[in-house]
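Values reported hereafter were calculated over all heavy atoms of this structure, with side chains retained and with hydrogens, waters and symmetry mates removed.
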Amino acid sequence: MEFTAKQIAQLIQGRVEGKEDAIVSDFAKIEEGKPGAISFLANPKYLHYIYETKSSVVLVNEDTVFDKPVAPTLIRVPNAYEAVAKLLQVYQAMQPKKTGIDSLAYIDAEAEVGEDCYVGAFAYIGKGAKIGKGSMIYPHAYIGDGVVLGEGCQIFPKVTIYHGCRLGNNVTIHAGSVIGADGFGFAPNTEGYEKIPQIGIVVIEDNVEIGANTCIDRSTMGQTLIHKGVKLDNLIQVAHNVEIGENTVMSAQVGIAGSQKIGSWCMVGGQVGFSGHHKVGDRVMIGAQSGILGDLKDGEVVMGYPAMDSKTFMKSSAIMRRLPEMYKDINEIKKQLNNK
């Protein structure tokens, strides 16, 4: 499907500089631009590509300044990154949607599947499960007994959702993720470790997206709770009885120990580790590879292991690089003192 620069600008409330009738039918990164494609420029590091890109149209920020003429038609918007995100959403919504139940899928007689759903080959939907209208269950996904899945969900191949878990509307779970496996609960005794039954569930609220191969464990009792709008990357471990607040985002390989409470609108970098039974406030920012060993207050920005204020961490890192030189200086001073 083709669109003109003018049509695109109207859709995203942008302003055209150049040919309003420039036609695009594809997306491309600015450094890989080609005729008929639309690209975007949001990061100043990529500014030089605007002078050589072959893309027909480029989205740019309203305040971007160029020091020489550019060939593509420009669409100026307040935020180019947000604008391209909106266009990609529109593009995805226009793609044909899978519907129907494959003859090779298994759906228990006591399960309920809503209207306009898609259930792929070799998917399994257990006894008493309820699948909301317009949800898509891809091949080889497993939906356990009594699972409740809201409307408009996407469950990609080889996702496993254990019995009794509840998911809201518009939840997306990518391939290989496991929702509701037993939490890691064992009580030591004289003969080893005795398993503590994990009889709770996982509850995932509306508009949550979970990356590939992420695991969210069921609670010992009660529920492991993922609030609405949370976005989790690939390869994240969420232990039993954890609670993650609204619109918090986490990068890959984060590990969260049991009963940790994390607030709303937090941003967590890759490979961060949380010890259990602590509380993180709202709008906390945590740098990659940090170790969270205690509580954090609202709005804190931390880095390092153990985590500390980001400014303190940067100063400490600068000192760490000078330690060999400082050690040498200290030894030299000790020698001088000893010779007196």
Side-chain angles (χ1 to χ4, degrees), residues 97-185 195-232 234 236-244 246 256 258:
K97 184 178 179 181
K98 290 180 176 289
T99 57
I101 298 173
D102 194 284
S103 61
L104 295 176
Y106 174 81
I107 302 176
D108 188 272
E110 297 184 28
E112 299 177 16
V113 178
E115 298 177 359
D116 301 323
C117 285
Y118 165 66
V119 183
F122 304 108
Y124 177 98
I125 300 177
K127 182 178 180 179
K130 296 180 180 180
I131 310 300
K133 179 181 177 181
S135 289
M136 304 174 71
I137 314 296
Y138 283 82
H140 293 279
Y142 173 89
I143 311 297
D145 295 349
V147 167
V148 176
L149 195 65
E151 297 181 0
C153 294
Q154 294 189 84
I155 308 300
F156 282 96
K158 297 186 178 179
V159 167
T160 299
I161 304 177
Y162 279 60
H163 60 279
C165 294
R166 303 201 307 267
L167 284 66
N169 300 322
N170 303 313
V171 173
T172 297
I173 305 180
H174 288 279
S177 290
V178 178
I179 310 300
D182 280 358
F184 192 66
K195 183 177 177 63
I196 300 171
Q198 308 290 292
I199 63 173
I201 61 172
V202 173
V203 173
I204 298 175
E205 295 183 345
D206 297 348
N207 302 314
V208 170
E209 182 155 349
I210 296 169
N213 295 316
T214 284
C215 296
I216 303 176
D217 292 347
R218 69 195 312 110
S219 56
T220 306
M221 292 176 281
Q223 57 192 27
T224 300
L225 179 57
I226 312 299
H227 285 284
K228 67 180 182 181
V230 167
K231 313 299 180 189
L232 302 181
N234 305 329
I236 288 175
Q237 163 63 23
V238 180
H240 55 189
N241 295 92
V242 165
E243 180 177 354
I244 301 178
E246 294 180 8
I256 309 173

**Prompt:** Knowing that exactly one of I179, I236, V230 qualifies, which makes a side-chain contact (heavy atoms from CB on, under 4.5 Å) with I210?
**Reply:**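 Per the side-chain contact (heavy atoms from CB on, under 4.5 Å) rule, the option paired with I210 is I179, out of I179, I236, V230.
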
**Message:** Counting C-beta onward and ignoring hydrogens, is there a side-chain heavy-atom pair between L167 and I173 closer than 4.5 Å?
**Reply:**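 With C-beta onward as the side chain, the pair touches.
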
**Prompt:** Heavy atoms, side chains only, cut-off 4.5 Å: are I256 and V238 in contact?
**Reply:**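 Answer yes - side chains close enough.
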
Side-chain polar contacts of residues 128-135 - donor-acceptor pairs under 3.5 angstrom, sequence neighbours left out - could you list them?
unit_1 : atom_1 : unit_2 : atom_2 : d
S135   : OG     : G132   : O      : 3.3
S135   : OG     : G150   : O      : 2.7
S135   : OG     : G152   : N      : 3.4
S135   : OG     : C153   : N      : 3.0

**Prompt:** Does anything in residues 131-152 pair up under ring-ring contact (aromatic ring centres under 6.0 Å, His included), and if so which pairs, sequence neighbours excluded?
**Reply:**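 Checked against ring-ring contact (aromatic ring centres under 6.0 Å, His included) - neighbours excluded - the pairs reaching residues 131-152 are Y118-Y138, F122-H140, Y124-Y142, Y138-F156.
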
**Message:** Under the rule for salt bridge (Lys or Arg N to Asp or Glu O under 4.0 Å), what residues qualify as partners of K195, not counting sequence neighbours?
**Reply:** D182

Given 3.5 Å as the limit, does a donor-acceptor pair link the side chain of [X] with the main chain of [Y], or not?
| X | Y | answer |
| --- | --- | --- |
| R218 | V202 | no |
| D145 | G126 | no |
| K98 | V119 | no |
| N213 | N234 | no |

Can you name the nearest heavy-atom pair linking [X] to [Y], along with the distance?
| X | Y | value |
| --- | --- | --- |
| I125 | A111 | CG2-CB, 3.9 Å |
| I137 | A141 | CG2-CB, 3.8 Å |
| I201 | R166 | CD1-NH1, 3.2 Å |
| A121 | L104 | CB-CB, 4.0 Å |
| A212 | S177 | C-OG, 3.7 Å |

**Prompt:** Among all residues two or more places apart in sequence or in another chain, which pass the side-chain hydrogen bond (donor to acceptor under 3.5 Å, both in side chains) test with Q198?
**Reply:** T220, H240

**Request:** Applying side-chain hydrogen bond (donor to acceptor under 3.5 Å, both in side chains), name anything that partners E209, two or more places apart in sequence or on another chain.
**Result:** H174

**Asked** How many angstroms lie between atom CD1 of I204 and atom CD1 of I216, to the nearest 0.5 angstrom?
**Response** 4.5 Å

**Fill in**
Taken to the nearest 0.5 Å, the spacing of D116 CG from T99 OG1 works out to 7.0 Å

Result block: side-chain N/O donor-acceptor pairs under 3.5 angstrom for residues 221-228, not counting sequence neighbours:
unit_1 : atom_1 : unit_2 : atom_2 : d
T224   : OG1    : D217   : O      : 2.7
T224   : OG1    : S219   : N      : 3.4
T224   : OG1    : N241   : N      : 2.9
H227   : ND1    : E205   : OE1    : 3.2
H227   : ND1    : E205   : OE2    : 3.4
H227   : NE2    : E243   : OE2    : 2.7

